[in-house]
Amino acid sequence: MGTITLTNNQTNESFEFELIECNRGPQAVDFSKLFERTNIFSYDPGYGSTAGCKSTISYIDGKNGVLLYKGIPIEELVEKHCFTDVCKLLIADSLPKNETESKEFDLELRHRSFLHEGLINIFSAFPDNAHPMANLSSAVAALSTFYVNYKDSEDSEDYQVMANRIIAKIPTLVAFSYRNSVGAPFIYPDIERSYVENFLYMLRAYPHNRLKNSLSGEQEITPLEVEAMDKIFTLHADHGQNASTTTVRNVASTGAHPYAAISAGINALWGAAHGGANEKVLVQLNEIGDVKNVAKFVERAKDKSDPFRLMGFGHRVYKSYDPRAKTIKALKNELDKKGIRMDHRLSDIAERLEEVALSDDYFKERGLYPNVDFYSGIILSALKIPVSLFTPIFVIGRMPGWCAQLIEHIKDPTTRITRPRQVYIGE
């Protein structure tokens, strides 16, 4: 372990700080005692150069376009494993050992997917036109009142149950939030269906009779649709210390209930600069309207005097092609060939937009490549997912990551309440 020396030219004092050797990526300077030793603190708006924790969950190499979950490339996980296997990897540190263990975990989640009837009543208080993200964050916060014991738990097994429970219930909460927003009757989970299929079922089914819910005609769920949704969930499962994950950790640092911390993460994800970006991409593609208009909009994006900005391009961490965007673009093309018909007008506009932008020095010099949001909205629309549900689907995918980060944070003996400093410039 090396050190780095900081010299104050005003006082001629020098201070040594230890370098932390990371298993992957750049070294980090341990500035945890910077203020205590020097009466100086660092100024880093947006925390782009600041690590707030040590983690084993996911790793991003933004320069080379690499994303790993527990050391495994995202491309490998999407290709070889289902989403519930990835959930187990993130929260329990290992993939299922065999198909039997995989099915047992999926079955456990199905049995935990039902909501307390008292919680269901909360939806009646929301107006019909409320955004599902508002309903969802409120319902998850309310979930803490039904499982209050998790607030002070110190048992590792309890942490696992806490994570399994919210991962199991979040598809039900999303489906109920959406159906409430459009005034449709709730459809309860069907434990005969897999985790992902069950979510699509709760979105699409309508009561057939008093004893059985059913799907008919166009509403039938195909294995290809389940596979596509499964991969989309996996691509969103974790992504380092992004805004919503950091929010979950920050709220958890106060000793709040884990589900209250996750509710805060949902609210952070809702923003258009974060999880809400895929909605904005679809709106923008419709605004462009036609392939022949692409060049004009690219020029507008380069014009500093024009407020227009291309949505779905660029990323806070990636300065090369987002590996999730590569995977999701390939998935779009594969699904189209296999029978899940994309909106070809929007798909053609998106591909032409990518082609024009990536051949332009303005975008190349700034590292502005398509991110995961760029093509995901086109796929979700083809899967008959309403635009208002794009970000809640991100919530389902990100839930195992939030839970893993939460567990890691709670177990860390060095954890302190988050308390950044400020540079005061007032009178």
Side-chain angles (χ1 to χ4, degrees), residues 23-24 54-61 66-114 147 150 153-172 189-201 221 223-240 245 258 262 323-324 327-328 330-331 395-412:
N23 291 345
R24 296 179 184 271
K54 296 178 180 178
S55 182
T56 66
I57 298 167
S58 63
Y59 169 75
I60 304 166
D61 179 345
V66 173
L67 173 61
L68 311 176
Y69 295 168
K70 293 289 182 178
I72 304 172
I74 184 65
E75 297 87 347
E76 180 180 332
L77 290 169
V78 168
E79 182 66 29
K80 297 181 179 179
H81 299 277
C82 66
F83 175 64
T84 51
D85 287 352
V86 173
C87 291
K88 190 173 188 302
L89 170 68
L90 292 177
I91 63 175
D93 293 332
S94 64
L95 289 162
K97 296 182 180 66
N98 49 49
E99 189 175 347
T100 299
E101 192 173 298
S102 175
K103 287 181 178 179
E104 285 176 352
F105 183 68
D106 190 288
L107 188 60
E108 179 191 346
L109 296 180
R110 286 183 244 170
H111 280 98
R112 292 187 183 277
S113 63
F114 292 86
Y147 303 99
Y150 291 147
S153 177
E154 296 182 356
D155 184 86
S156 291
E157 190 171 328
D158 280 352
Y159 298 153
Q160 294 295 315
V161 174
M162 176 275 295
N164 291 357
R165 179 166 274 133
I166 188 67
I167 290 168
K169 294 185 188 307
I170 199 66
T172 311
D190 179 354
I191 60 172
E192 298 300 318
R193 301 173 187 269
S194 70
Y195 180 92
V196 177
E197 182 185 358
N198 209 6
F199 170 62
L200 293 173
Y201 166 73
I221 301 165
L224 190 57
E225 289 176 307
V226 174
E227 179 187 349
M229 184 60 70
D230 191 285
K231 289 181 177 182
I232 287 173
F233 286 155
T234 296
L235 287 167
H236 288 91
D238 195 68
H239 207 242
T245 297
I262 289 171
R324 301 169 301 167
T327 301
I328 215 160
L331 177 62
V395 172
I396 298 174
R398 185 53 53 86
M399 191 56 66
W402 283 340
C403 289
Q405 298 275 351
L406 194 58
I407 292 169
E408 186 176 70
H409 178 84
I410 293 170
K411 286 183 173 181
D412 185 351

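Numbers here are sequence positions counted from 1.
- Taking the salt bridge (Lys or Arg N to Asp or Glu O under 4.0 Å) definition, one finds that Asp106 meets it with Arg110, sequence neighbours left out.
- The main-chain N or O of Ser113 is found under 3.5 Å from a side-chain atom of Thr172 such that the two form a donor-acceptor pair.
- Scored by the salt bridge (Lys or Arg N to Asp or Glu O under 4.0 Å) test, Glu192 finds no partners at all (sequence neighbours excluded).
- Proximity of Leu331 to Ile232: side-chain heavy atoms (C-beta onward) are separated by under 4.5 Å at one or more points.
- Residue Asn98 places its CG atom among more than 12 non-hydrogen atoms of other residues, nucleotides or ligands, all under 6.0 Å distant.
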- Task: Could you give me the CA-CA distance, side-chain angles and deciding distance for Tyr159 and Leu406, then say whether side chain to side chain contact (heavy atoms under 4.5 Å, CB included) is met?
- Result: CA-CA 9 Å; Tyr159 298 153; Leu406 194 58; over 6 Å; no
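- Ring orientation note: the planes of Phe233 and Phe83 are tilted relative to one another, at an angle of 30° to 60°.
- Here the CG atom belonging to Leu68 is positioned 13.5 Å from the CD1 atom belonging to Ile57, to the nearest 0.5 angstrom.
- Between Pro96 and Glu101, the shortest heavy-atom distance links the atoms CA-OE2, 3.3 Å.
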- Task: Would you check, one step at a time, whether the test side chain to side chain contact (heavy atoms under 4.5 Å, CB included) holds for Leu95 with Ile72?
- Result: CA-CA 11 Å; Leu95 289 162; Ile72 304 172; 3.9 Å; yes
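- Contact record, Arg324 with Leu235: CD-O, 3.3 Å, taken as the closest heavy-atom pair.
- From Ile262, atom CD1 reaches atom CZ of Arg398 across 12.5 Å, with rounding to the nearest 0.5 Å.
- One finds the CZ atom of Arg165 at 4.5 Å from the OH atom of Tyr147 (value rounded to the nearest 0.5 Å).
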- Message: Please determine whether side chain to side chain contact (heavy atoms under 4.5 Å, CB included) holds for the pair Ile166 and Met399, giving the CA-CA distance in whole Å, both sets of side-chain angles, and the decisive distance to 0.1 Å.
- Response: CA-CA 8 Å; Ile166 188 67; Met399 191 56 66; 3.8 Å; yes
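- For the atom pair SG of Cys82 and NZ of Lys88, the computed distance is 11.5 Å after rounding to the nearest 0.5 Å.
- In this structure, OG1 in Thr234 is found 6.5 Å from CD1 in Ile74, a value given to the nearest 0.5 Å.
- For the pair Ala237 and Tyr69, the tightest heavy-atom approach, listed with the atom from each and the gap, is N-OH, 3.2 Å.
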- Message: Using the rule given for side chain to side chain contact (heavy atoms under 4.5 Å, CB included), can you reason through Trp402 versus Val395, listing the C-alpha separation, both sets of side-chain angles and the distance that settles it, and then say yes or no?
- Response: CA-CA 9 Å; Trp402 283 340; Val395 172; 4.0 Å; yes
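- Considering every non-hydrogen atom in both Ile91 and Gln160, the closest pair reads O-NE2, 2.7 Å.
- Atom CG of Asn164 sits about 6.0 Å away from atom CZ of Arg112, to the nearest 0.5 Å.
- When every heavy atom of Met162 is checked against every heavy atom of Ile407, the shortest pair comes out as CE-CG1, 4.2 Å.
- Qualifying salt bridge (Lys or Arg N to Asp or Glu O under 4.0 Å) partners for Lys169, counting only residues two or more places apart in sequence or in other chains: none.
- Side-chain atoms of Tyr195 come within 3.5 Å of backbone atoms of Ile167 as a donor-acceptor pair (strictly under, hydrogens ignored).
- When all heavy atoms of Pro323 and Glu75 are compared, the closest pair comes out as CB-OE2, 3.6 Å.
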